[in-house]
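Reviewing the structure listed below.
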Amino acid sequence: MFVIEKKLEELGITLPAPLGPSPLAEHVVARQSGELLFIGGVGPIKNNMPSITGRLVRDMKHEDGYAAARQSALNLLSVIKNELGDLDRVAEFVRLVGYVASDDDFYDQHMILNGASHLLNEVFGEKGSHVCTAVGVNVLPFNVPVILDAVVRVTPQKEVTA
Amino acid sequence: MFVIEKKLEELGITLPAPLGPSPLAEHVVARQSGELLFIGGVGPIKNNMPSITGRLVRDMKHEDGYAAARQSALNLLSVIKNELGDLDRVAEFVRLVGYVASDDDFYDQHMILNGASHLLNEVFGEKGSHVCTAVGVNVLPFNVPVILDAVVRVTPQKEVTA
Amino acid sequence: MFVIEKKLEELGITLPAPLGPSPLAEHVVARQSGELLFIGGVGPIKNNMPSITGRLVRDMKHEDGYAAARQSALNLLSVIKNELGDLDRVAEFVRLVGYVASDDDFYDQHMILNGASHLLNEVFGEKGSHVCTAVGVNVLPFNVPVILDAVVRVTPQKEVTA
């Protein structure tokens, strides 16, 4: 029971408080449809502020971008936990799209997003395996360097309680 | 019966003619798979022309971008109606990704997309609640300021006729 | 049997070797969830190298971008074949998102992506019909001009063996 929570503890990871949508936005951060849970617009927000702002690599080093992707993935897990009540209900991660604010000559978006992918693999093992599309963009909301959009397959509630 | 049509009438909203794909494009604008309806590439096209062109905020004010997002969402509803025959077959909106053509120092993509989100909430209430990922990009097809990509869950036809 | 393979042969198309994720990336290129197969981050890679690099139209002509989109779609088919064992298991294409590395004043992303859409229609006929969202971005991983993200509906294995 609570396999994933135990794993997080082993790894010394404390999840942040669940991220809501930005105060003025008229949408939600997670929505389940059938077995699929869609989570959108998750960035490296920490205590209601971007943990870092700007573009790769004009404004930050690779490792800062990687850390921003990891922070975004921690927020993603927190949103999922808040939505499902329990991270063990994640049947598998399916897909990430990661947008990386990039200079015109920065070509390593996929390496930055490894900060998110690595966390999912670390915490969920084979269930964390996912498709990832890395995209460079000139700018993102709140001037964050990374935004994640995710699709997760969820175990139906009855299977869990059985 | 025709709950949504009545709501549109109450709100004084007349849907535009359904948008097709751009004349030379080799794709469709909507495709249903199982219970999910995918709609892609919907922008602020009006009478076969962009209702506005350019980037936020070099070429237009916030309120023009917001209006462009709303126009895109009206087109989205028109496409869905054309596809399903009846907007009451929308079980729920699931996800929007909104791309906003943005200057490098424009960080309010999520506020622009509220123009779309607000319409969905206004017309569909709780069923209109959706995840939204706001992304800034340097340029979009036809030089439009906003493009929407949506996933909607559809009520199976048998349930409706029952 | 092997309808699609025969079609490829008729069209004189030989699929490339299946693309893996970039060597250092911590994700996979395809993931099935229920009936949906998600494929992400597929670009015009050929023999482990981008077949072309740069942006439309600063670095290449329209026809080179179109060819890059077609090469990306060939890689997409190769990934799908590798994943499913047999392209006849594709029930239908559902959705493409195509990112096109673009100058700030390039507005024909949808025409570039026709290179991918045309191939899907050519090979799969009605089953190849799909929604396509064309997005311009300032830069993509490995400096490729096109990246595709796809959702495909898959025929359950039992139906195929029946």
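These numbers come from a predicted model, not from an experiment. By convention in this document, chain letters (A, B, ...) are assigned in the order of the sequence lines, proteins followed by strands, and residues within each chain are numbered from 1. Reckoned from all heavy atoms, side chains included, excluding hydrogens, waters and symmetry mates.
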Does [X] have more than 12 heavy atoms from other residues, nucleotides or ligands lying within 6.0 Å of its [atom1]?
X: B/Asn48; atom1: CG; value: no
X: C/Glu9; atom1: CD; value: no
X: C/Asn47; atom1: CG; value: no

Backbone N/O of B/Glu26 and side chain of C/Asn121: donor-acceptor pair under 3.5 Å: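 Answer holds: yes.
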B/Asn143 side-chain N/O to C/Tyr107 backbone N/O, donor-acceptor pair under 3.5 Å: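 No: the side chain of B/Asn143 does not pair with the backbone of C/Tyr107.
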Pick one of side chain, backbone, both or neither for [X], based on which atoms fall under 4.5 Å of a heavy atom in chain C.
X: B/Leu140; value: both
X: B/Phe38; value: both
X: B/Val28; value: both

Minimum heavy-atom distance between C/Leu36 and B/Ser33, given as atom pair plus value: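 Looks like CD2-OG, 3.6 Å.
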Minimum heavy-atom distance C/Glu92-B/Gln32, with the two atoms named: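 Of all heavy-atom pairs spanning C/Glu92 and B/Gln32, the closest is OE2-O, 3.5 Å.
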Of B/Val139, B/Val137, B/Asn138, the residue whose pairing with C/Asn138 passes side chain to side chain contact (heavy atoms under 4.5 Å, CB included):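 That would be B/Asn138.
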Report yes if the side chains of [X] and [Y] come closer than 4.5 Å at any heavy-atom pair, otherwise no.
X: C/Val131; Y: B/Val29; result: no
X: C/Leu120; Y: B/His27; result: no
X: C/Asp104; Y: B/Arg55; result: yes

Spacing of CZ belonging to B/Arg31 relative to NE2 belonging to C/His130, to within rounding of 0.5 Å: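 Rounded to the nearest 0.5 Å, the CZ-NE2 separation comes out at 9.5 Å.
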From C/Arg95 atom CZ to B/Ile39 atom CD1, the distance as rounded to the nearest 0.5 Å: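 Result: 10.5 Å between the selected atoms.
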Proximal component of C/Phe93, with respect to chain B [non-hydrogen, under 4.5 Å]: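 Answer is backbone: N, CA, C or O of C/Phe93 sit under 4.5 Å from chain B.
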Region of C/Val100 that comes under 4.5 Å of a non-hydrogen atom in chain B: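 Nothing of C/Val100, per the 4.5 Å heavy-atom cut-off to chain B.
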Electrostatic pair C/Arg153-B/Glu35, nearest N-O below 4.0 angstrom: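 Answer for the salt bridge query: no.
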Derivation of the side-chain contact (heavy atoms from CB on, under 4.5 Å) call for B/Ile147 and C/Val135: CA-CA 8 Å; B/Ile147 281 198; C/Val135 184; 5.7 Å; no
